Participant: 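A single structure is presented below for examination.
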Amino acid sequence: MSSRLSLGSTAAAVALLSVTLTLTAQEPAHASANRIRLGNASDVSRTSWNGPAFTMNGAGAVIPASMSRAVNDITGGTGTMDVVVLAGSAPTSGSATPECDTVMTLTGVNSCTTWTLTAANDGNNSQVNTDIRNAEFVYFSGGDQCKYAAWKGTALEASVESVVAKGGGSGGGSAGHHINSPIVYDACNGSVTSAEALANPYDRYISFTTGMFQWANYAGVINDSHFVTRDRMGRTMSFLARAVKDGLAPGGAAWGVGVEEGGGSLYLDRNGLATQYGKDAYVVLADHQPEQAVDRKPLTYSGFKIWRLTPGSTFDFKNRPTCGYYLRSVTNGVADANLYTGTPQTNCGSQGGGTLTETEPNDTRDAANDATTLASPGTVTGSMKSTTDRDYFKLSLNSGQTASVNCAVPSAYDADLYWLDSTGSTLERSVNDGPGSDESVSFTRTAAGADTYYLELEAYAGSGTASYSCSVTKS
């Protein structure tokens, strides 16, 4: 954490600091936990709140603009609320409460309590959890996200989740930004650079924590910070390829959210709509299996989809866009040039709204239409334009996931349905006889990790322009 301005030295603040330090000293079982409270000594009592709201910052500091919006959205513009700041270490200089110093300047804040917790078991400190549960926003400071990941499974994890569940919020900067994604690059083995991660996506410095915070509309995301200044696009690409390869992300698609330092803050509202503040952020999508992601070999991945969010722009995480991105690839550990700028694509096919309409030619696996990011349940449609027509759609499944496909076939032709593995071998088929006969297959992936599969519709008899419609459900 950086050094910050000194705390105002009013008599009341000194008295309150004295009281809180005394309270901490009286808990010998949690001697590593230190509490400092600013503002009103009593928590706000209110039956309902209007969040959740989230702030994802590129550096450790609270960003007043996005934090003010969080306060306003959570309170509904009336009354005040309480904030708790969680830190894994104390500042080395300046104020002991830099985040709370900023928070207390904002309209609508009743109090701000800083807890510095230096041991994993501090997550079970009863006073810490009481303060968190009585608050309406929890902010994780910068520092070391590995210390925050150590709180997984403690009472603190459930307490933070309760704040969000009652309509409050969560957020953080730098390490605090990392911990608020469902897939956390935890840096428990050390920090990795982009060059190292691209040279080996299984570098010993790359480790993840999953199953901690799972915020609504934010599934499949890996957060990264200090993004442009420290040139972290390459390592985020490697993280995403790993997440897809290892089955860490749902539906075979992993999303990176990299926020720049120096005032960058991504604000996520209760409806899943993100607004960017201060500096740029980047949303990066890996939506297929990497061409090469193995230990001690450089990464090869074609076609990362990248959205650049400039200040004031928005991104809908609830209904994630399927266009407006630029493409960048990595070949043998070497990323394309101009990773942070590109011309957005505006003609991205007809995918959208849960339906993917075939685009010819798609007569081979290599030319398959990409349905890996299709929402579940979704629909793929097309037609058997000749008696030799074949239509291929590419999908992905995680370990334990089941795909159920049900195709309504028009009376103009008889089409058969096949479920293929990544090499083209048939795993399931449906070959009912007669024009207009519907087809259905179901397949469950039992192997570890995730893999690519193909859905094939093949003309058996007849042809025509009438469309088949196949519902695809993953469970």
Side-chain angles (χ1 to χ4, degrees), residues 56-59 145 173-175 177-178 180-181 183-187 190-203 205-208 218 220-245 248-249 253-266 274 276-293 297-311 313 315 317 320-321 324-345 373:
M56 310 288 189
N57 299 348
Q145 63 263 34
S174 191
H177 171 52
H178 285 266
N180 272 282
S181 58
I183 306 168
V184 179
Y185 164 62
D186 57 36
S191 183
V192 71
T193 67
S194 285
E196 291 167 337
L198 292 173
N200 181 7
Y202 287 83
D203 187 286
Y205 289 145
I206 302 177
S207 57
F208 301 105
Y218 210 59
V221 173
I222 305 174
N223 285 345
D224 210 345
S225 58
H226 306 279
F227 201 63
V228 180
T229 297
R230 300 187 186 180
D231 189 21
R232 287 178 165 173
M233 179 71 81
R235 79 174 197 177
T236 288
M237 289 172 161
S238 188
F239 296 166
L240 299 178
R242 273 281 304 274
V244 172
K245 179 72 178 293
L248 302 180
W255 301 74
V257 174
V259 183
E260 174 60 332
E261 62 182 53
S265 179
L266 184 137
Q276 186 60 27
Y277 287 84
K279 292 290 183 72
D280 291 353
Y282 294 80
V283 178
V284 186
L285 170 61
D287 58 6
H288 62 81
Q289 287 289 319
E291 286 80 358
Q292 178 171 281
K297 289 188 177 181
L299 176 67
T300 295
Y301 189 101
S302 60
F304 286 101
K305 297 173 181 176
I306 304 172
W307 290 262
R308 181 183 180 183
L309 308 183
T310 56
S313 62
F315 189 92
F317 279 94
R320 299 183 191 186
Y325 52 80
Y326 61 94
L327 295 170
R328 293 293 182 268
S329 298
V330 177
T331 304
N332 290 324
V334 179
D336 289 344
N338 302 316
L339 291 180
Y340 300 97
T341 57
T343 302
Q345 295 196 10
T373 60

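In this text, all values refer to a predicted model and were calculated from it rather than measured experimentally.
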Participant: Please confirm whether the backbone N or O of N332 pairs with a side-chain atom of Q292, one donor and one acceptor, at under 3.5 Å?
Facilitator: no
Participant: If the condition is side chain to side chain donor-acceptor pair (under 3.5 Å), which residues does E261 pass it with, not counting sequence neighbours?
Facilitator: H226
Participant: With sequence neighbours excluded, tell me which residues meet ring pair (Phe, Tyr, Trp, His ring centres under 6.0 Å) with H288.
Facilitator: Y301
Participant: Quick one: does S191's side chain get under 4.5 Å of Y185's, heavy atoms only?
Facilitator: yes
Participant: Go through it in stages, so that I can follow the logic: the residues are I306 and M237, the test is side chain to side chain contact (heavy atoms under 4.5 Å, CB included), and I'd like the CA-CA distance, side-chain angles, deciding distance and then a yes or no.
Facilitator: CA-CA 10 Å; I306 304 172; M237 289 172 161; 4.0 Å; yes
Participant: Please report the shortest heavy-atom distance between H177 and N57, naming the atom on each side.
Facilitator: CB-O, 3.3 Å
Participant: Which heavy atom of F304 sits nearest to which heavy atom of A286, and what is that distance?
Facilitator: CE2-CB, 3.8 Å
Participant: Taking all atoms of both residues into account, what is the closest heavy-atom pair of P201 and I206, and its distance?
Facilitator: O-CD1, 3.5 Å
Participant: With no hydrogens and no angle check, is any side-chain donor or acceptor of E196 less than 3.5 Å from a backbone partner on A199?
Facilitator: no
Participant: For residues L299 and P290, report the shortest heavy-atom separation together with the two atoms involved.
Facilitator: CD1-CB, 4.4 Å
Participant: Under 3.5 Å, is there a donor-acceptor pair between the side chain of H178 and the main chain of V184?
Facilitator: no
Participant: May I ask you to decide if R235's main-chain N or O and S194's side chain share a donor-acceptor pair within less than 3.5 Å?
Facilitator: yes
Participant: Mind checking side-chain contact (heavy atoms from CB on, under 4.5 Å) for P321 and listing every partner two or more places apart, or none if nothing turns up?
Facilitator: W307, F315
Participant: For D203, check salt bridge (charged side-chain N to carboxylate O under 4.0 Å, His left out) against everything at least two apart and list the hits.
Facilitator: none
Participant: Could you go step by step and tell me if R230 and S225 meet the side chain to side chain contact (heavy atoms under 4.5 Å, CB included) rule?
Facilitator: CA-CA 9 Å; R230 300 187 186 180; S225 58; over 6 Å; no
Participant: Go through the structure and list residues passing side chain to side chain donor-acceptor pair (under 3.5 Å) with S207, not counting sequence neighbours.
Facilitator: D186
Participant: Holding to side chain to side chain donor-acceptor pair (under 3.5 Å), I want the full list of residues that pass it with Y340, two or more places apart in sequence or in another chain.
Facilitator: D231
Participant: Mind checking what makes ring pair (Phe, Tyr, Trp, His ring centres under 6.0 Å) contact with F208, not counting sequence neighbours?
Facilitator: F239
Participant: I'd like to check the side-chain contact (heavy atoms from CB on, under 4.5 Å) partners of R308; sequence neighbours left out, ordered by chain and number.
Facilitator: D280, Y282, T310, Y326, T341
Participant: With sequence neighbours excluded, what pairs up with D336 under the side-chain contact (heavy atoms from CB on, under 4.5 Å) test?
Facilitator: R328, S329
Participant: For T229, give me all partners under side chain to side chain donor-acceptor pair (under 3.5 Å), at least two apart in sequence or on another chain.
Facilitator: E260
Participant: Of all residues at least two apart in sequence or in a different chain, which pass the side-chain contact (heavy atoms from CB on, under 4.5 Å) check with A243?
Facilitator: I183, I222, L248, A254
Participant: Should M56 and V257 be marked as a side chain to side chain contact (heavy atoms under 4.5 Å, CB included) after you check the CA-CA gap, both sets of side-chain angles, and the distance that decides it?
Facilitator: CA-CA 9 Å; M56 310 288 189; V257 174; 5.5 Å; no
Participant: Taking salt bridge (charged side-chain N to carboxylate O under 4.0 Å, His left out) as the definition, give me every residue that meets it alongside D287, ordered by chain and number, with sequence neighbours left out.
Facilitator: K305
